[in-house]
J.: 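Please find one structure pasted underneath; my questions will follow.
The structure presented is a predicted model; accordingly, all values stated were derived computationally and were not measured.
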Amino acid sequence: MTTNKIEDFVSREEFIKRTGIFVTPGYFEYIYHKWVDETAKTGISVDDFVDNYEKNHIGQVAETEMNGTFKYLIMDESVSAICDDGEIFDPSIWDIVNSLACNLSNEREEKQKTINDATAIMDNMYKLMENMYEMLNSYTDILKRYKSIFNEV
C-alpha cells in the first residue's frame, strides 16, 4: 500500500487503518491540507483529527457490502500490485483497490508533468520567437537605412 507519508501527519496507510475509510493518494493530500487548515484555526492534534474523522464527516462516508468472489489475472499488474515489490501474493480487495487508485494517481501525476513540460517548452519557444522578431525588426531598420543611403547616391 502506498503510504503517502507527510511529515507531521499520519501515513495514508495508517489513516485508512485507523478510520476504516479508503482514500486515494490524491484525496489523502486533500485531507492533510484540511488538517493543516483546522490546526491553524483550532490547534487540533493529528490523533484527534484522525480519530474523529468519520464522526466529523457524517453523511460523507459511504459503505458498500462486499460478497462473492472477485476474479482477476495475476499478471495484470494494475490489479495484482505485482509491480510494487516484484512478489506475487494473494491481494485482498483493499490491496486491489489501492493498486488501482495508486496507478491512477501516478498516471495523473505523469500527465500533469507532461503538461508542465510542454508549457515550459512553449514558453521558451515564445521567448525565442519574440527575440527573432526583434532581430528581424532590427535588420529591417538597417536595410531601410542602407536603402536610403543608396537612394541618395
J.: Could you tell me which non-hydrogen atom of Cys102 sits nearest to which non-hydrogen atom of Pro25, and how far apart they are?
T.: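 So the minimum-distance heavy-atom pair works out to SG-CG, 4.0 Å.
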J.: Would you say Ile93 and Leu100 are hydrophobically clustered, going by side-chain heavy atoms of ILVMFWY under 4.5 Å?
T.: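 Yes; tracing contacts between hydrophobic side chains, which count when under 4.5 Å, links both residues.
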J.: At their closest point, which heavy atom of Trp94 faces which heavy atom of Ile16, and how far apart are they?
T.: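 Looking at all heavy atoms of both residues, the shortest contact is CZ3-CG2, 3.5 Å.
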J.: First locate atom CE of Met135, then atom OH of Tyr139, and finally report the distance between them rounded to the nearest 0.5 Å.
T.: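 Separation between the atoms: 4.0 Å.
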J.: Do you see a donor-acceptor pair shorter than 3.5 Å between the side chains of Asn116 and Thr119?
T.: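 Distance-only check fails for Asn116 and Thr119.
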J.: Rounded to the nearest 0.5 Å, what's the gap from CG on Asn137 to CG on Asp141? Could you check?
T.: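 That separation rounds to 6.5 Å.
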J.: For atom CD of Glu63, is the number of surrounding heavy atoms from other residues, nucleotides or ligands below 6.0 Å larger than 12?
T.: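 Counting other residues, nucleotides and ligands, CD of Glu63 stays at 12 neighbours or fewer.
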J.: With a 4.5 Å limit on heavy-atom distance, are the side chains of Asp47 and Arg18 in contact?
T.: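 Result yes, sub-4.5 Å side-chain heavy-atom pair found.
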J.: If Ile, Leu, Val, Met, Phe, Trp and Tyr residues are connected whenever their side-chain heavy atoms lie under 4.5 Å apart, and connections chain through other members, are Val97 and Met66 in the same group?
T.: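 Yes, because Val97 and Met66 connect within a single hydrophobic cluster, where side-chain heavy atoms sit under 4.5 Å apart.
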J.: Can you tell me if Asn106 and Glu110 form a side-chain donor-acceptor pair at under 3.5 Å?
T.: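 No, because no side-chain N or O of Asn106 sits under 3.5 Å from a partner of the opposite role on Glu110.
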J.: Enter the distance from Leu143:CG to Phe150:CZ here, rounded to the nearest 0.5 Å.
T.: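 If I round to the nearest 0.5 Å, the distance is 10.5 Å.
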J.: Please name the residue in the list Thr39, Asp51, Val10, Asp8 that meets the side chain to side chain contact (heavy atoms under 4.5 Å, CB included) test with Val46.
T.: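 So, applying the side chain to side chain contact (heavy atoms under 4.5 Å, CB included) to Val46 and each of Thr39, Asp51, Val10, Asp8, only Val10 qualifies.
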J.: Under 4.5 Å between side-chain heavy atoms, counting indirect links through other Ile/Leu/Val/Met/Phe/Trp/Tyr residues: same cluster for Val61 and Val50 or not?
T.: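 Yes, Val61 connects to Val50 through the hydrophobic network.
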J.: State the CD1-CG distance between Ile121 and Leu128, to the nearest 0.5 angstrom.
T.: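 Between Ile121 CD1 and Leu128 CG, I get 13.0 Å after rounding to 0.5 Å.
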J.: I'd like to know if Glu109 and Lys113 make a salt bridge, using a cut-off of under 4.0 Å between side-chain N and carboxylate O.
T.: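 Answer for the salt bridge query: no.
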J.: Please check: side-chain N/O of Asp95 versus main-chain N/O of Ser92, any donor-acceptor pairing under 3.5 Å?
T.: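 Judged by distance alone, yes, a pair lies under 3.5 Å.
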J.: Test of understanding: clusters of I, L, V, M, F, W, Y form through side-chain heavy atoms closer than 4.5 Å, transitively. Do Ile115 and Met125 belong to the same one?
T.: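 Unlinked, Ile115 and Met125 end up in two clusters.
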J.: Testing the 3.5 Å rule here: is there a donor-acceptor pair between the side chains of Asn98 and Arg12?
T.: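 There is such a pair between these side chains.
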J.: Are more than 12 heavy atoms from other residues, nucleotides or ligands located less than 6.0 Å from atom CZ of Arg108?
T.: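 Atom CZ in Arg108 is not crowded, with 12 or fewer foreign heavy atoms closer than 6.0 Å.
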J.: Give a yes or no on whether a salt bridge exists between Lys34 and Glu38, defined as a side-chain N under 4.0 angstrom from a carboxylate O.
T.: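 No, this pair does not count.
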J.: Is Asp48 reaching over with its side chain to a backbone N or O of Ile44, donor-acceptor style, under 3.5 angstrom?
T.: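 No, because the side chain of Asp48 does not come within donor-acceptor range (under 3.5 Å) of the backbone of Ile44.
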J.: State the CD-OG1 distance between Glu29 and Thr24, to the nearest 0.5 angstrom.
T.: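 One gets 9.0 Å once the value is rounded to the nearest 0.5 Å.
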J.: When rounded to the nearest 0.5 angstrom, what distance separates OH in Tyr146 from CG in Asn151?
T.: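 Output value for this atom pair is 14.5 Å.
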J.: Aromatic contact between Tyr53 and Phe49, with the criterion being ring centroids under 6.0 Å apart: yes or no?
T.: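 Yes; Phe49 has its ring centre under 6.0 Å from that of Tyr53.
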J.: Walk me through whether Phe9 and Phe28 qualify under side-chain contact (heavy atoms from CB on, under 4.5 Å).
T.: CA-CA 11 Å; Phe9 199 60; Phe28 179 71; 3.8 Å; yes
J.: Which pair of non-hydrogen atoms, one from Thr19 and one from Glu54, has the smallest distance, and what is that distance?
T.: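 Nearest heavy atoms, Thr19 then Glu54: O-OE1, 4.0 Å.
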